[in-house]
Number of protein chains: 2
Amino acid sequence: MAALKYDVFQAISDPTRREILRLLSTKKRAISEIASQFPVSRTAIAKHLHVLSEASLVSGEKIGREKIYQLQPEPLTEIKQWLAYYEQFWTNKLSILKHVVENDDE
Amino acid sequence: MAALKYDVFQAISDPTRREILRLLSTKKRAISEIASQFPVSRTAIAKHLHVLSEASLVSGEKIGREKIYQLQPEPLTEIKQWLAYYEQFWTNKLSILKHVVENDDE
DNA sequence: ACTATATAACACCAATCGGTTTCATGTCAA
DNA sequence: TTGACATGAAACCGATTGGTGTTATATAGT
């Protein structure tokens, strides 16, 4: 509702929303089609889709009486970039050792 | 409290917790030292550290009367692996086109 | 021994979250 | 046109979140 109330980190923090993204990664789907895959109500799924939409991870297009949602993976680059900073601490032993030594010095 | 109540996705969904991780990436720090960097109370920071600890993103060691927290970046690999699946949808034009065409086919 | 400090452990609170049910609206199809 | 279907919108609910303050306990330093 309010502009950017949900960022991409919050959007992917919910397991149901991650599963919705997974479903949309194979094809566009209408709300009811998505909801049929979950044990919760259609309304609950519609709310999750709204959250994902605010984070720009999905886009919805109304076609006839259906609203078709589609994956928009671009915002995930923000997660990727955030993660890149921490990769130095585990991708090779040298970095990890460097990290430990620096900590012990202070 | 309950085992694995917080997973790594939820742990990093909060901006304050992400900032705590950033602080700990440069060196080990005690709770009070971390809390001094934020506008919220020390108690609130201790709760955030507890959440991060449940997600195994930090570990705490009591030394004297201080509790020293340290970054444990390994669980971030789970995020990285999750993200890897979606990279095919934006890392090159070919994959994106393939995605669109498949969607239009159904 | 005292005193100040660092943390833990509670109890508490307002706001939010994920979910529900109900009702209204709009669209497709017989 | 009538009915079934897909969605949107609203009100509501219980649990959780993120925050507070208070109190208790243990430790460090004088």
Side-chain angles (χ1 to χ4, degrees), chain A residues 1-24 27-55 57-70 103 106, chain B residues 1-24 27-71 103 106:
Chain A
M1 323 288 180
L4 288 183
K5 183 182 176 187
Y6 289 96
D7 67 11
V8 65
F9 286 92
Q10 288 179 329
I12 68 164
S13 69
D14 184 86
T16 300
R17 286 197 285 270
R18 289 200 297 278
E19 188 60 27
I20 290 175
L21 291 180
R22 186 73 64 161
L23 282 175
L24 291 179
K27 64 170 183 176
K28 300 175 177 176
R29 295 172 196 261
I31 296 182
S32 290
E33 182 185 355
I34 299 170
S36 70
Q37 309 283 103
F38 293 91
V40 300
S41 70
R42 178 197 54 78
T43 310
I45 297 300
K47 284 190 183 181
H48 281 307
L49 284 166
H50 193 77
V51 171
L52 291 169
S53 178
E54 268 191 23
L57 281 168
V58 302
S59 62
E61 182 190 7
K62 191 144 191 182
I63 298 184
R65 59 181 165 181
E66 292 189 328
K67 189 160 187 183
I68 310 294
Y69 276 94
Q70 179 177 9
N103 281 349
E106 319 198 28
Chain B
M1 316 283 180
L4 288 182
K5 184 180 174 187
Y6 289 96
D7 67 9
V8 64
F9 286 92
Q10 287 182 331
I12 68 164
S13 68
D14 185 87
T16 300
R17 286 197 286 269
R18 288 201 297 278
E19 187 61 28
I20 290 175
L21 291 180
R22 186 74 65 163
L23 282 175
L24 291 179
K27 64 172 183 174
K28 299 175 178 178
R29 295 171 196 263
I31 296 182
S32 291
E33 182 185 355
I34 298 169
S36 70
Q37 308 284 97
F38 294 91
V40 299
S41 70
R42 183 198 55 74
T43 308
I45 296 299
K47 282 191 183 183
H48 282 306
L49 284 166
H50 192 77
V51 171
L52 291 169
S53 178
E54 269 190 21
S56 300
L57 281 168
V58 303
S59 63
E61 183 191 6
K62 189 144 193 182
I63 297 183
R65 60 180 166 177
E66 291 189 329
K67 189 159 186 183
I68 309 295
Y69 278 94
Q70 180 177 7
L71 179 69
N103 280 350
E106 321 201 25

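Proteins come first, then strands; the chains are lettered A, B, ... in the order of their sequence lines, and each starts at number 1.
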Self-check item: Nearest heavy-atom neighbours spanning L23(A) and R29(A)
Solution: O-NE, 3.1 Å

Exercise. Rounded off to whole Å, could you give me the CZ-to-C1' distance for the F9(A) and dC17(C) pair?
Key: 20 Å

Self-check item: Minimum-distance nucleotide to Y6(A) side chain [options: dG19(D), dC17(C), dT7(D)]
Solution: dC17(C)

Quiz item: What's the CG-P distance between D7(A) and dC17(C), to the nearest Å?
Solution: 11 Å

Quiz item: Over how many whole Å does the gap from R29(A) atom CZ to dT7(D) atom C1' extend?
Solution: 19 Å

Quiz item: Tell me: CZ of F38(A) to C1' of dT20(C), nearest whole Å?
Solution: 18 Å

Exercise. Map V40(A) and I63(A) onto DNA chain C by nearest heavy atom, then report which one ends up closer to the 5' terminus.
Key: V40(A)

Practice problem: Indicate yes or no: at least one non-hydrogen side-chain atom of F9(B) is less than 4.5 angstrom from one of R18(A). | Solution: yes

Quiz prompt | Nearest to side-chain heavy atoms of E66(A), which nucleotide of dA11(D), dA6(D), dG19(D) | solution = dA6(D)

Quiz item: If you pin K62(B) and R17(B) to their nearest nucleotides in DNA chain D, which one's is more 5'?
Solution: R17(B)

Practice problem: Give the rounded distance in Å between these two atoms: CD of E61(A) and C1' of dA6(D). | Solution: 16 Å

Exercise. Identify the heavy atoms of I68(A) and A30(A) that sit nearest to each other, and give their distance.
Key: CD1-CB, 3.9 Å

Exercise. Have a look at S32(B) and say if it touches a base, only the backbone sugar-phosphate, or nothing, with a 4.0 Å heavy-atom cut-off.
Key: sugar-phosphate

Exercise. Round to a whole Å and report the spacing from CD of E33(B) to P of dA6(C).
Key: 11 Å

Quiz prompt | Side-chain N,O (R65(A)) to OP1/OP2 (dA29(C)) below 4.0 Å | solution = no

Quiz item: How would you label the contact of A46(A) with the nucleic acid (heavy atoms, under 4.0 Å): base, sugar-phosphate, or nothing?
Solution: nothing

Exercise. Kindly point out which of dG18(D), dG18(C), dT7(C) is positioned nearest to the side chain of K67(B)?
Key: dT7(C)

Practice problem: May I ask you to verify if any side-chain N or O of H48(A) is less than 4.0 angstrom from the OP1 or OP2 atom of dG19(C)? | Solution: yes

Exercise. Please determine, for the side chain of R42(B), which listed nucleotide (dG19(D), dT20(D), dT7(C)) has the closest atom?
Key: dT7(C)

Self-check item: Out of dA8(C), dG19(D), dT27(D), whichever nucleotide has its closest atom nearest the side chain of I31(B)
Solution: dA8(C)

Practice problem: Answer yes or no: is there a side-chain heavy-atom contact under 4.5 Å between L52(B) and L21(B)? | Solution: yes

Practice problem: Measure the distance from NE2 on H50(B) to P on dT7(C) and round it to the nearest whole Å. | Solution: 16 Å

Quiz item: What integer distance in Å separates I68(A):CD1 from dT7(D):C1'?
Solution: 12 Å

Practice problem: For the pair E33(A) and R42(A), find out whether any cationic side-chain nitrogen is under 4.0 Å from an anionic carboxylate oxygen. | Solution: no

Quiz item: If you pin Q10(A) and T43(A) to their nearest nucleotides in DNA chain C, which one's is more 5'?
Solution: Q10(A)

